[in-house]
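Below you'll find the structure, written out as structure tokens, and then a few comments.
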Amino acid sequence: MRVLFCGINPGLLSAATGHHFARPGNRFWPVLHLSGFTPRRLAPAEQEELLTYRLGITNVVARATARADELSAEEFREGGRILTAKVKLLRPQWLAVVGVTAYRTAFGERKAQIGPQERTIGSTRIWALPNPSGLNAHWTAETMAQEYARLREAAAPPD
């Protein structure tokens, strides 16, 4: 696996459908395509197709909420421990945490910024990406796609 994308937690629609980033206003699927990770825009119901591109998807916290700010710091820390075990098992080249605040809380990295991180999990490198939620107005789909494309280039197989 080249990249394991990791959302914060399932929203209520994602929990109901079983599909990551299922809310229509979420920009994850369009940004994934705009950044070049997928040849076309996938629908949430097509998430299994990610495996054909050597990509995976999971969450930091399993509990569904209407908003991520309903989660406690302890839930994030426990999610970070579970995610670490998952990464050690799957051994992706990169873990891409979609939301720098989630990464900071789950891994105790208070000063982390968007981009590649110093921390690794075994041989897996970590990249903090902007949260594609429509609530994250600081990032447009285009600027998010540029950051996601930086990760795609870093995860590209050598020529």
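All values below were derived from every heavy atom in this structure, side-chain atoms included, with hydrogens, water molecules and symmetry-related copies excluded.
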Verify the neighbour count for atom [atom1] of [X]: are there more than 12 heavy atoms of other residues, nucleotides or ligands below 6.0 Å?
X	atom1	answer
E74	CD	yes
R41	CZ	no
R81	CZ	yes
R2	CZ	yes

Are [X] and [Y] connected in the hydrophobic side-chain network, where two residues link if heavy atoms are under 4.5 Å apart?
X	Y	answer
M144	I8	no
L55	L51	no
L129	M1	no
L12	L71	no
Y103	I114	no

Atom of [X], atom of [Y] and distance for their closest heavy-atom approach:
X	Y	answer
V97	I126	CG2-CG2, 4.4 Å
L4	V87	CD2-CG2, 4.2 Å
V3	L151	CG1-CD2, 4.0 Å
S14	F21	OG-N, 3.4 Å
E109	R119	OE2-NH2, 2.9 Å
A141	R27	N-NH1, 4.0 Å

Would you give the length of the straight line joining atom [atom1] of [X] to atom [atom2] of [Y], rounded to the nearest 0.5 angstrom?
X	Y	atom1	atom2	value
W29	H19	CH2	NE2	9.5 Å
Y148	L34	OH	CG	11.0 Å
L95	T124	CG	OG1	7.5 Å
R104	Q117	CZ	CD	9.0 Å
L42	T52	CG	OG1	8.0 Å
T38	H33	OG1	NE2	6.0 Å

Cut-off 3.5 Å, side chains only: do E147 and W127 have a donor facing an acceptor?
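On atom types as modelled, these side chains qualify, holding a pair under 3.5 Å.
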F5 and F37 aromatic ring geometry - parallel, tilted or perpendicular at 30°/60° bounds
perpendicular
Would you say [X]'s side chain and [Y]'s backbone share a donor-acceptor pair under 3.5 angstrom?
X	Y	answer
Q113	A128	no
N26	F28	yes
E78	E75	no
T120	S123	no
T143	W139	no

Side chains of C6 and L83: does their closest heavy-atom pair fall under 4.5 Å?
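When only atoms from C-beta onward are counted, L83 and C6 do touch, with a gap below 4.5 Å.
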Evaluate the side-chain proximity of P10 to N59: yes if any heavy-atom separation is below 4.5 Å, no if none is.
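Yes, side chains in contact.
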Would you mind checking if [Y] and [X] are paired as a salt bridge, meaning a charged N to carboxylate O distance below 4.0 Å?
X	Y	result
R40	E49	yes
R150	E153	no
E70	R67	no

